Structure formats: structure tokens, C-alpha cells
Amino acid sequence: MKRAVYPGSFDPVTYGHLDVIRRASEIFDVLIVSVLNNQGKTPLFSVEERVNILKKATEDIPNVQVDSFSGLLINYAAENNLHVAVRGLRAITDFEYELQIAQTNRKLSGGKLDTMFLTTSLEYAYLSSSSVKEIASFGGDISQCVPDFVADMIYQKYNVQKVQH
Ligand code: ADP
């Protein structure tokens, strides 16, 4: 059974992430999407909320499981017998950062954890969780960025109404 982990903050999940999840789920037998509990960042959604959002957003893909972890990815991967991490690449700026992390993970894990990159679908290349949150905080339209139930939850967090045109 080929299993892989797709780690990330997913605060919250966007159509860009969901595109990577769907494509990776067609490559691997099981894809574990795992929310990183990053103490260094102040997230909009708690880890539990992000896990629940991801579960709902991926409920139609049977071989996707949702989990969370703290600390180093290589430790989480070793504990769960996972040897491939999936990451998405949008632009050159992602590449430099991702390359460094991928090489570090491979080195630190003694070659046991490799990273596989999927390039973003062009229609989602501009999408990031932070830009979605910024647009939503002003009541802007995020219907093309995240599923409707996620959009509602974001507006609720900011206590704003979607601006109607
Ligand atoms: P991070 O894990 O760096 O905190 P995210 O949770 O936003 O950030 O992203 C998780 C992974 O998904 C990263 O590999 C990121 O490059 C990728 N990703 C984010 N947005 C998109 C997108 N629109 N298209 C493809 N990949 C994306």
C-alpha cells in the first residue's frame, strides 16, 4: 500500500489545497492530510476546527484521511510509517522554501522521508490561505477560493457580512 502525508497549516483549506489533495489521492492508495499544530503562528481556526473543515471538504474522497501533528514532520512520519510527503508548488517563491525543507527532511530522516511536489493548477496559482482571510475580513467575495461552508465560517470568525454586489 502506497501511503503519503500532505502536511500543512490549512488555515483554512482552499481550492488550491483541495486540488493537490484530489490529485495526490489518485497517485497514492492512502493520503493522510495532516494539520500542523504550529505554536509559532496565531491561526484563525484551531487545529480541531481545521481538521473538521478538512474532513468535510474531503468527505467524497474515500482514500483521504485527516489527522494533526505537532513537532517535526520527520518524527510524525517515522511514527506512522510514512515515507513520502506531498507539497504543492505555486511559484518560484514557494520553490526556494520548499526545496530547503524537503532537503532538510531527507537529510534529518536519514533518507527515509522524501518529498513529492505537485505543481498547482493554473486557476489556483494565485490562491493562498492568507489572501483568502484578508479578502474575507473586508467582506470580499471568496466564493472562488474556498467551498461555501468554509467561506461562511471565515466570515463568521471576522464577524463580517459578505458584501453583496
Ligand atoms: P504551510 O504548510 O507552508 O503553512 P499551507 O497550509 O498554506 O502552508 O500550504 C500547505 C501546502 O500546500 C504547501 O506545500 C503549499 O505550497 C501548498 N499550497 C498552498 N496553496 C496552494 C495552491 N493554491 N495551489 C497548490 N498548492 C498550494
Side-chain angles (χ1 to χ4, degrees), residues 3-28 30-58 61 63-77 80 82-106 108-109 113-137 140-151 153-154 157-158:
R3 302 190 314 142
V5 55
Y6 179 23
S9 305
F10 305 107
D11 184 36
V13 70
T14 67
Y15 281 137
H17 298 128
L18 288 171
D19 175 62
V20 170
I21 291 173
R22 192 168 299 280
R23 287 158 58 201
S25 76
E26 286 165 14
I27 297 170
F28 295 96
V30 177
L31 179 71
I32 299 158
V33 182
S34 204
V35 176
L36 171 62
N37 187 358
N38 187 344
Q39 307 287 0
K41 286 189 189 173
T42 313
L44 183 62
F45 292 99
S46 69
V47 170
E48 200 187 354
E49 285 172 321
R50 282 178 270 161
V51 164
N52 288 334
I53 291 172
L54 274 162
K55 280 187 179 162
K56 190 164 173 188
T58 60
I61 319 174
N63 62 336
V64 168
Q65 296 169 9
V66 184
D67 192 17
S68 62
F69 73 104
S70 311
L72 291 180
L73 177 65
I74 53 161
N75 293 341
Y76 172 76
N80 291 281
L82 296 160
H83 303 289
V84 181
V86 172
R87 296 283 287 177
L89 281 181
R90 284 163 294 189
I92 293 286
T93 41
D94 275 347
F95 180 79
E96 271 190 50
Y97 169 75
E98 294 287 345
L99 180 70
Q100 192 186 15
I101 295 179
Q103 287 173 335
T104 306
N105 282 340
R106 185 144 197 278
L108 280 182
S109 68
L113 182 65
D114 241 315
T115 304
M116 200 191 80
F117 294 105
L118 288 179
T119 51
T120 176
S121 296
L122 286 179
E123 66 263 46
Y124 304 128
Y126 68 96
L127 258 185
S128 72
S129 297
S130 34
S131 64
V132 169
K133 285 183 278 191
E134 190 168 0
I135 297 165
S137 71
D141 182 6
I142 52 169
S143 60
Q144 292 186 45
C145 310
V146 296
D148 288 348
F149 81 93
V150 181
M153 289 175 77
I154 305 175
K157 281 273 179 197
Y158 288 115

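The shown structure was predicted, so the numbers you read here are calculated from the model rather than taken from an experiment. Atoms within a ligand are numbered from 1 in the order they appear, just like the ligands themselves.
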**Q** Would you say Tyr126 touches ligand 1, if touching means a heavy atom closer than 4.0 Å?
**A**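 No, Tyr126 has no heavy atom closer than 4.0 Å to ligand 1.
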
**Q** What part of Lys41 sits under 4.0 Å from ligand 1 if we count only heavy atoms: the side chain, the backbone, both or neither?
**A**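 For Lys41, only side-chain atoms sit under 4.0 Å from ligand 1.
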
**Q** Looking only at protein heavy atoms, which one is nearest to atom 9 (O) of ligand 1, and what is the separation?
**A**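 The protein heavy atom lying closest is His17 NE2, 3.3 Å.
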
**Q** Around atom 23 (N) of ligand 1, find the nearest protein heavy atom and jot down its residue, atom name and distance.
**A**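 Answer for atom 23 (N) of ligand 1: Tyr124 O, 2.9 Å.
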
**Q** Using distance alone, determine whether Arg87 and ligand 1 share an N or O pair under 3.5 Å.
**A**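 So ligand 1 has an N or O lying under 3.5 Å from an N or O of Arg87.
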
**Q** Could you walk me through whether Asn37 and Ser68 pass the side-chain hydrogen bond (donor to acceptor under 3.5 Å, both in side chains) check?
**A** CA-CA 7 Å; Asn37 187 358; Ser68 62; over 6 Å; no

**Q** More than 12 foreign heavy atoms under 6.0 Å from CD of Glu96: is that the case here?
**A**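 No - once you tally the heavy atoms of other residues, nucleotides and ligands closer than 6.0 Å, there are 12 at most.
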
**Q** For Arg90, is there an ion pair with Glu98 - N to carboxylate O distance below 4.0 angstrom?
**A**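 Looking at Glu98 and Arg90, the cut-off is not met.
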
**Q** Using a heavy-atom cut-off of under 4.0 Å, does the side chain or the backbone of Asp94 touch ligand 1, or both, or neither?
**A** side chain

**Q** Could you name the option among Thr120, Leu18, Leu36, Ile101 that has the heavy atom nearest to atom 25 (C) of ligand 1?
**A**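 Minimum heavy-atom distance to atom 25 (C) of ligand 1 goes to Thr120.
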
**Q** Could you identify the single nearest non-hydrogen protein atom to atom 11 (C) of ligand 1 and state the distance to 0.1 Å?
**A** Tyr6 OH, 3.4 Å

**Q** Nearest protein heavy atom to atom 4 (O) of ligand 1, by residue and atom, and its distance?
**A**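 Atom 4 (O) of ligand 1 sits closest to the protein heavy atom Ser9 OG, 2.5 Å.
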
**Q** Can you confirm, on distance only, whether ligand 1 has an N/O atom lying under 3.5 Å from any N/O atom belonging to Gly88?
**A** yes

**Q** Within the 3.5 Å criterion, strictly below it, is a donor on Ser34 or Tyr76 matched to an acceptor on the partner's side chain?
**A**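 Indeed, the side chains of Ser34 and Tyr76 share at least one donor-acceptor pair under 3.5 Å.
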
**Q** Could you tell me whether the side chain of Thr104 and the main chain of Gln100 form a donor-acceptor pair under 3.5 Å?
**A** yes

**Q** Going from CG on Asp114 to CZ on Arg106, what distance comes out if it is rounded to the nearest 0.5 angstrom?
**A** 4.5 Å

**Q** Do any N/O atoms on Ser128 end up under 3.5 angstrom from N/O atoms on ligand 1?
**A** no

**Q** Out of all atoms in ligand 1, which are within 4.0 Å of some heavy atom of Phe10? Include the element for each.
**A** 6 (O)

**Q** Looking at Phe95, I want to see if its CZ is surrounded by more than 12 non-hydrogen atoms of other residues, nucleotides or ligands under 6.0 Å.
**A**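 Atom CZ in Phe95 is not crowded, with 12 or fewer foreign heavy atoms closer than 6.0 Å.
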
**Q** Nearest heavy atom to atom 22 (C) of ligand 1: which of Glu123, Glu98, Arg90 does it belong to?
**A** Arg90

**Q** Does any N or O atom in Val20 lie less than 3.5 angstrom from one in ligand 1, N or O only?
**A** no

**Q** Between the main-chain N or O of Gly40 and the side-chain N or O of Asn38, is there a donor-acceptor pair closer than 3.5 Å?
**A** yes

**Q** What distance do Tyr97 atom OH and Arg87 atom CZ have between them, rounded to the nearest 0.5 Å?
**A** 6.0 Å

**Q** Do the charged groups of Asp11 and Lys41 touch, with an N to O distance under 4.0 Å?
**A**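 No.
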
**Q** Return yes or no for this condition: an N or O of Leu89 is under 3.5 Å from an N or O of ligand 1.
**A** no

